[in-house]
Every structure is written in structure tokens, then in C-alpha cells.
Protein chains: 2
Amino acid sequence: MRYGLAEVARRAGVSPATASRVLSGAGPASAASRAAVLAAAQQLGYQPHPVARQLARKTGTRIVFAVRDNRADILRDPFVTRATTAMAAALDPYDVGVSLRHLGLDCAADLERLSADRGLAGLVLAGHDRELLGHLPAGLRGRTAAIGAGGADVDSAAGVGALISRLHAVGRRRIALIAGPSWLAASAAPVGAYLRLVRAAGLRARIVRGDFTSDRGGAAARAILTRWPDTDAIAAVSDATALGALGALAAAGVRVPDDVAVTGFDDIPLAGTACPALSTATHPVEEIAAAAARAALGEAVPRRLFPSVPVFRDTCGGSASTA
Amino acid sequence: MRYGLAEVARRAGVSPATASRVLSGAGPASAASRAAVLAAAQQLGYQPHPVARQLARKTGTRIVFAVRDNRADILRDPFVTRATTAMAAALDPYDVGVSLRHLGLDCAADLERLSADRGLAGLVLAGHDRELLGHLPAGLRGRTAAIGAGGADVDSAAGVGALISRLHAVGRRRIALIAGPSWLAASAAPVGAYLRLVRAAGLRARIVRGDFTSDRGGAAARAILTRWPDTDAIAAVSDATALGALGALAAAGVRVPDDVAVTGFDDIPLAGTACPALSTATHPVEEIAAAAARAALGEAVPRRLFPSVPVFRDTCGGSASTA
DNA sequence: CTGTTAGCGCCTTCAG
DNA sequence: CTGAAGGCGCTAACAG
């Protein structure tokens, strides 16, 4: 009822080796035997045993998506959730499953252990810093892909730039930035874009660090109001942060966008439905995750920057529209 | 540099079989050899080869989370996303990855194919109907778990009941229900709870079918307003549906909750931030998903009903609070 | 309790 | 281009 390669070979009148060649790696085979094997396989409803195959090929069975952060509940972050799901769907046809794991900031030992895991088909890393990517254990090279700076990344400089330009265009002149954590490689580009624009406009920089929680977003907003009370716009590099800031501003009796405009980053589902609706930048997270996953499997995925396109909604001031 | 079981056995002065017994299944072994093996393994940094193990044990390497629905983009549904992520995290320690797959309503053939997949460690099914669970291919029995009615389920009768009781308690008397699709097993319990309460209160039932999209939620709300213009409350069995209804009501100039109260179901992150903030019922999705995943692996997971606890926010009328 | 003997199902040299 | 033989690393059945 369940047939193996041997049976297919027998029916096709060839050796298992030949059958294997046509069914798997597409090794050399005459047109005749190829046809015979294919026919036999078809007729028997042959399905290769993925585990046996993976053992023989020394190729793993799952990729792990490792997210580095100081908080373990980063695994519930909307970005992580979306990316994980996208990978799980994208790798299904490859007979490869995905595992999700949290890594502390100091994760050298964990990576070492991962590199010794022969069940690992590939690793997708998020939340890395420059250091980490440069010093991957040898066993991980060639089967690791990163999401964010240095890997499958979004053109965050463009996205943040567009958002800030818009703030400037609608008359904001005292624009503060809630940046990402400094240990994160992906934090650099947005800060760079911000600084470039602010300086070009002859304005002074106002930067506070946040993370990906709304709590910190609220705290950051309060810090900004305290330190620079005349701030008229806050750009956050995460939607959760922006939402937290929105809450803090409301609590402080500051009107958005009248008094202070706010922008986020990533366009999580929440962004459009929040009140007021959040202006942010939208990203093809599913595509990014799928690209990273395939790269982790060793596929040659062209390294490109994914688009970061601004979405202007209520919190931005000016009239709502998409750039 | 990478050691196998054989080397561990050699160092411990026992046979590979004995080493295997202590390292894996915890088969019989004397204290002495157990200690020796453990020591050797420790010292060598031995890590078993998961794929070889899975091949020998005839146990698969991944579970697939199959979601049955008429729309393929159900895979982006917040519940699916959350559940997938939770499984990916929960199964990591088992060396089992998760794959995500969409199934059409008519999926007998797909299940047949799945049952032939020897890489499959287990199947988690969502969106099933009674029929489906009863007629699983033989190869899937014992390694399939369902999420929802008949599997790892939420006490939706209690949750919906609590929500509707509250609507009644704050004075609503013309309460409509936007139920789930009729092909879905999980749709039954909420409808039952609704009917029971409405009848007990001597009211008339007003039921419309929806699905898990906000579009259909909006359409359903419009249908309700058309058919029963005096409706003063709408209970939806999904947050997305409720959010869609909210939009439709706003567009129709109906005030929420003053004119019509609204409740959702599931407490997606959006619910609390929407405006007005949505009253709904909250569920331990991560726990549910993890339980289902473990059950799919063959673990004996006690079948229990997970709590569905109401969260009263703005859209419910009355004063906001948690029951 | 332990070692020996066979596989698990496929892939991959290596001759021919 | 093809077949035979051996191995991937571990587990399971069976004597002892």
C-alpha cells in the first residue's frame, strides 16, 4: 500500500540507483529509463520518504527562525508572528518545517549549539548586530540568512525618509525620532536617514531610544515632551512604539496630529484601525520572510532591498493619502 | 569534531545499543553504564542526529497546520498567525518544525496525500466540520489533532453567553448575531448559546452568517440594519467581523454603543486599540495551539475546554470593565 | 541488563 | 548511461 523506491525501480525494470537518479537529483539517465521510472512512480503514487532522503543527503529537516532580543516575548511581536507564518507557508513545499526560538542578546553559545544540530536545514536570524553576522560559527555559514540590515532588508532609509519629509512638508519643524535599540543593526539606517534630512533642513536632532514595545514608546514620548516641550512631530521606527506614544500623548492632553504629528513603521494591522489611524510605512513582510527562508536553505536568492512605502493616515497631519 | 553514538559508546565502554538506550528512549540500563554513557556524551558534546533518529523510529520531522477555509488568505488571519507561531515555538524542543497549509473546503484528497507523507509527524487541523474529523484517512489517525469543536477548543458557549448576557444586562433587547459559516463545526456552539439566552429572555432570534473577514462583517451589519432596523446590539463571533460591522455602522451614521452595541470574539490585538475599543472574549490561543501540536505528536494531552473570558470595552455599552 | 544483528529508505561513489 | 555495493546515524528485535 505504501511503495518505496525499490518497487518503482522493479516496475520500471531498472535498478534502484537509476530510479533514484531520475526521481531526485536528476542525475544522468536515458530518455527511455527516465520515462519508465516516471510512469511507474506515477502509477504507484510513489512519494519519496523525506526523512530517508534528508538523512542520505545530509540535509536537515527544519529551519529555525531565531529572534534575538532582550525580551522573550518578542516572539509575540506582530512582525515575528507574520514572518514565522510566512516561512511556515513558504517552506511547506520543501518538506521543511520551521521552528521559532528566542535568543538573548548574548547568544554565541546558542549559535554554537545550533551549528552542531544536524537536523537544522537552515537558520534565519533576526535582531542581530553587525558583530554577530560576521562571527557566525563555521557550521552555520552557507545556511544562515538574516532578516534586517545585512540580509533580507527593507529600504528603511527610504521609508523613514519619506515619512520625515512629509512631516516637514506639512510644516513640522521640531521633529523627534524614537529610534530602535542601539544594539540592533537595523537601527542604524533610520537614524542616518533622519539625521540627514533634519540637518539638510537646518533643524536640530532630537533622538530617544526605544524598543519594539508600546510601553517604551509611551515612555519615550514622555521623555521627549519633557526634554523638548515644543516638539511638533514624533517619528517612531516601530508601530508598537508609535501606538504607545499615541497613548502617552493622549494622556498628556496633547492632540494628534494638531499639536504633535506621529508616524510609525511596519504597518501592522493595528495601525490602520487605531484612533487616530497611524501613518506609517508598509512592508512586504511575507516576501521578505520567504526570501530569507529560501536563502537559509541555500538557494541563491538575489540580495535586494525590499520597498518601504509610506502610508499617510490621520496621525501625520496634512490630508490623508498614500504617497 | 562531530561525534556519533558509536564514539560515545566506545568511550563509555558499552555497545552502541546500550548507549542508544540510555540516551534516547530510556530503555533498561544499569546505573553504571548509564553514568558512563552520560559522562561520555557530556564530555564529547554529543548531540544526536535528529534525522537519523526520526528515520529509525519512523517518526516524522514536522507537523503541518492545515487550515480549511474557502479563502486562501485565511493564512493571514490573526488567529492562524498566532497559532502557527505558538506551535513553532512550542515544538522547537522536540526537533519538530511546523508547516502551514491552506485546505479548500473539499479537501479529502489533500488529506489522503498527507496521510501518505512519511515526513509528517502530525497534523493539526482547523476549520473542520464534523464530517471531516470522523472520516480521517487511517494513516492520519492517532497523529491528528483538531483546533476547535471536537479538539482543543474554547468554551465558546460560555464566552458568547457572557457577552450576550451583558448586552441584555445593559438593556439591549433586540440583539442580532453574526454567526460563523455554517460549514464550520465551531460555529454551532455560539449559535446554540445565543439561541438559548435569547429565548430564555423571551426575545426573537436574529441571525446572519458571516465568515472571518471584516468585509463580510460589514455586509452582515448592513443586512441586519435593513432587515431589523430596530436592532440595538450586534454580537459577532469574530473580531474581524465585529470590526467590519463597526465600520459599516459608522458609515451608516449609527452610533456605537449608543444606538447599537457591538461585541467580537477572540480579542485580537486590534480589538483593544480600535475606536471605539471592541468588547470581545479573550482566549489563550498560544496554549490551545501548543496543546493541539503536542496532541498531534501523539502525546496524551487531556482534552479540556479552554476558557473564553469576556472583556468589556467601549462597544458594549454600560461601563467598561472586565467581568 | 547487555551485545549482536538487521534494518529504516534513499543517495552516491565506483566500476562497468 | 547503468547496476552493485556501501553508507547516512540511530533504533529495535532478539538472543544471551
Side-chain angles (χ1 to χ4, degrees), chain A residues 1-38 40-41 44-62 94-96 116-121 139 298, chain B residues 1-38 40-41 44-62 94-96 116-121 139 298:
Chain A
M1 176 178 176
R2 167 93 0 89
Y3 300 105
L5 190 55
E7 181 60 23
V8 175
R10 195 167 312 135
R11 297 241 192 169
V14 301
S15 74
T18 300
S20 171
R21 280 188 282 258
V22 354
L23 254 14
S24 64
S30 69
S33 34
R34 181 174 305 276
V37 169
L38 257 19
L44 257 46
Y46 170 72
Q47 289 201 250
H49 192 316
V51 186
R53 174 174 277 185
Q54 279 147 339
L55 177 62
R57 283 181 180 166
K58 297 180 198 298
T59 173
T61 64
R62 59 174 188 148
Y94 294 70
D95 283 324
V96 169
D117 182 348
R118 283 107 111 222
L120 188 75
Chain B
M1 177 177 177
R2 167 89 5 85
Y3 299 104
L5 189 56
E7 181 58 24
V8 174
R10 194 167 314 135
R11 297 243 193 167
V14 302
S15 75
T18 301
S20 170
R21 280 188 281 257
V22 354
L23 255 15
S24 62
S30 69
S33 33
R34 181 174 304 278
V37 169
L38 256 19
L44 257 46
Y46 170 72
Q47 290 201 250
H49 192 316
V51 185
R53 175 174 278 184
Q54 279 146 338
L55 176 62
R57 284 182 178 164
K58 297 180 199 297
T59 172
T61 64
R62 60 175 187 146
Y94 295 71
D95 284 325
V96 170
D117 181 349
R118 283 105 112 223
L120 188 75

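To find a chain, count down the sequence lines: A is the first, B the second, and so on, and within it residues start at 1.
Residue pairs satisfying the salt bridge (charged side-chain N to carboxylate O under 4.0 Å, His left out) criterion with at least one member in residues 51-61 of chain B, sequence neighbours excluded, are absent.
OP1 or OP2 of D:dG3 sits under 4.0 Å from a side-chain N or O of A:T18.
Proximity of B:L120 to B:T61: side-chain heavy atoms (C-beta onward) are nowhere separated by under 4.5 Å. Looking only at side-chain heavy atoms (C-beta outward), A:R62 and B:V96 stay at 4.5 Å or farther from each other.
Taking A:A56 as the reference, nothing meets the side-chain contact (heavy atoms from CB on, under 4.5 Å) condition, with sequence neighbours excluded. Every residue two or more places apart in sequence or in another chain that forms a side-chain hydrogen bond (donor to acceptor under 3.5 Å, both in side chains) with B:S33 is listed here: B:S30. A:Y46 meets the side-chain hydrogen bond (donor to acceptor under 3.5 Å, both in side chains) test with no other residue; sequence neighbours excluded. Checked against side-chain hydrogen bond (donor to acceptor under 3.5 Å, both in side chains), B:S24 has no partners two or more places apart in sequence or in another chain. Contacts of B:A52 classified as side-chain contact (heavy atoms from CB on, under 4.5 Å), with partners at least two apart in sequence or in another chain: A:L55, B:H49.
The terminal axes of the helix from C:dC1-D:dG16 to C:dG16-D:dC1, fitted over 5 pairs per end, subtend an angle of 30° to the nearest 10°.
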Exercise answer: donor-acceptor pairs, residues 7-14 of chain A side-chain atoms, under 3.5 Å, sequence neighbours excluded:
unit_1, atom_1, unit_2, atom_2, d
A:E7, OE1, A:R10, NH1, 2.6
A:E7, OE2, A:R11, NE, 3.2

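Put simply, CD on B:Q47 and CG on A:D117 are 6.0 Å apart, with the number rounded to the nearest 0.5 Å.
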Response to the item:
With sugar-phosphate taken as primed atoms, P, OP1 and OP2 and all else as base, the protein-contact string of nucleotides 8-16 of chain D at under 4.0 Å (heavy atoms; B, S, -) is BBBBBB---

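In this structure, A:V51 reaches neither bases nor backbone, as no heavy-atom distance under 4.0 Å exists between it and the strands shown.
When DNA chain C is scanned in the 5' to 3' direction for atoms under 4.0 Å from non-hydrogen atoms of chain B, the outermost contacting nucleotides are C:dC1 to C:dC8.
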